[in-house]
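Counting begins at 1 with the first residue of the sequence.
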Amino acid sequence: MVQEIETGFERVRRLAEAAGLPETTVGTSYGTPALLVKGKSFVRTKDAETLVVMCALEEKEMLMELDPSLFFETDHYKGWPAMLVRLAIIDDAALTQRLIAAWREKAPKRLAAQFDAASSR
């Protein structure tokens with residue numbers, strides 16, 4: 001089980017690195033592997049098949065409505081700016097998009113602005 005979590009997390013780490021998310025470090029959150037920006041978790045593994053991804057509540061509701069097979073929540077996450085993502089079925093492009101959005105949720109405004117300026121070049 002631990003090996004499966006590490007394998008899924010390795011994909012998440014690789015995609016975040018490829019996206020060039022500044023100040024991102026690997027850590028843990030609730031005892032599972034996580035990515036942090038300036039010490040704040042923006043994505044973590046829930047289990048071998050599920051990621052917890054930070055996201056604005058409005059965006060969360062929209063995404064869960066658009067694709068409930070991919071994005072969902074349990075009672076524990078209702079009302080919180082985080083949703084669950086099925087790691088096995090999300091493709092790399094969609095996962096990268098979610099990682100960038102989650103990073104922006106937790107990154108300091110100045111760092112996010114620098115990232116956006118560098119990305120638009």
**For Lys106, all residues meeting salt bridge (charged side-chain N to carboxylate O under 4.0 Å, His left out), sequence neighbours excluded** = none

**Message:** Just to verify, what does Lys109 make a side chain to side chain contact (heavy atoms under 4.5 Å, CB included) with, not counting sequence neighbours?
**Reply:** none

**Request:** Could you note down all residue pairs passing salt bridge (Lys or Arg N to Asp or Glu O under 4.0 Å) where residues 14-29 supplies at least one of them, sequence neighbours left out?
**Result:** Arg13-Glu17, Glu23-Lys38

**Request:** Considering only Ile, Leu, Val, Met, Phe, Trp and Tyr, and joining two whenever side-chain heavy atoms are under 4.5 Å apart, list the other residues clustered with Val52.
**Result:** Phe72, Tyr77, Leu84

**Asked** In terms of side-chain heavy atoms, does Thr50 have a donor or acceptor partner in Asp47 at a distance below 3.5 Å?
**Response** yes

**Asked** When rounded to the nearest 0.5 angstrom, what distance separates OG1 in Thr32 from CZ in Phe9?
**Response** 8.5 Å

**Item:** Distance, nearest 0.5 Å, that separates CD1 of Ile100 from CZ of Phe42
**Value:** 10.0 Å

**Request:** Quick one: list whatever passes side-chain hydrogen bond (donor to acceptor under 3.5 Å, both in side chains) with Thr74, sequence neighbours left out.
**Result:** none

**Request:** Kindly write out the residues that satisfy side-chain hydrogen bond (donor to acceptor under 3.5 Å, both in side chains) with Thr96, not counting sequence neighbours, or none if the list is empty.
**Result:** none

**Interatomic distance, Leu70 atom CG to Leu63 atom CG [nearest 0.5 angstrom]** = 8.5 Å

**Prompt:** When rounded to the nearest 0.5 angstrom, what is the spacing between CZ in Phe115 and CG in Leu21?
**Reply:** 5.0 Å

**Request:** Tell me, please, which residues at least two apart from Glu105 pass salt bridge (charged side-chain N to carboxylate O under 4.0 Å, His left out).
**Result:** none

**Message:** Check this for me: does any side-chain nitrogen of one of Glu73 and Lys60 sit under 4.0 Å from a carboxylate oxygen of the other?
**Reply:** yes

**Request:** Go through the steps to decide whether Leu36 and Thr24 satisfy the test side chain to side chain contact (heavy atoms under 4.5 Å, CB included), and finish with yes or no.
**Result:** CA-CA 5 Å; Leu36 302 92; Thr24 296; over 6 Å; no

**Item:** Interatomic distance, Ile90 atom CD1 to Leu95 atom CG [nearest 0.5 angstrom]
**Value:** 5.0 Å

**Residue pairs, two or more places apart or on separate chains, that pass salt bridge (Lys or Arg N to Asp or Glu O under 4.0 Å) and touch residues 89-99** = Arg11-Asp92, Glu59-Arg98

**Asked** Can you list the residues that meet the salt bridge (charged side-chain N to carboxylate O under 4.0 Å, His left out) rule with Arg44, with sequence neighbours excluded?
**Response** none

**Asked** In Å, rounded to the nearest 0.5 Å, how long is the span from NZ of Lys46 to OG of Ser29?
**Response** 12.5 Å

**Item:** Flag, side chain of Trp103 to backbone of Ala112, donor-acceptor distance under 3.5 Å
**Value:** no

**Prompt:** Are Val85 and Leu66 connected, step by step, through hydrophobic side chains (Ile, Leu, Val, Met, Phe, Trp, Tyr) whose heavy atoms are closer than 4.5 Å?
**Reply:** yes

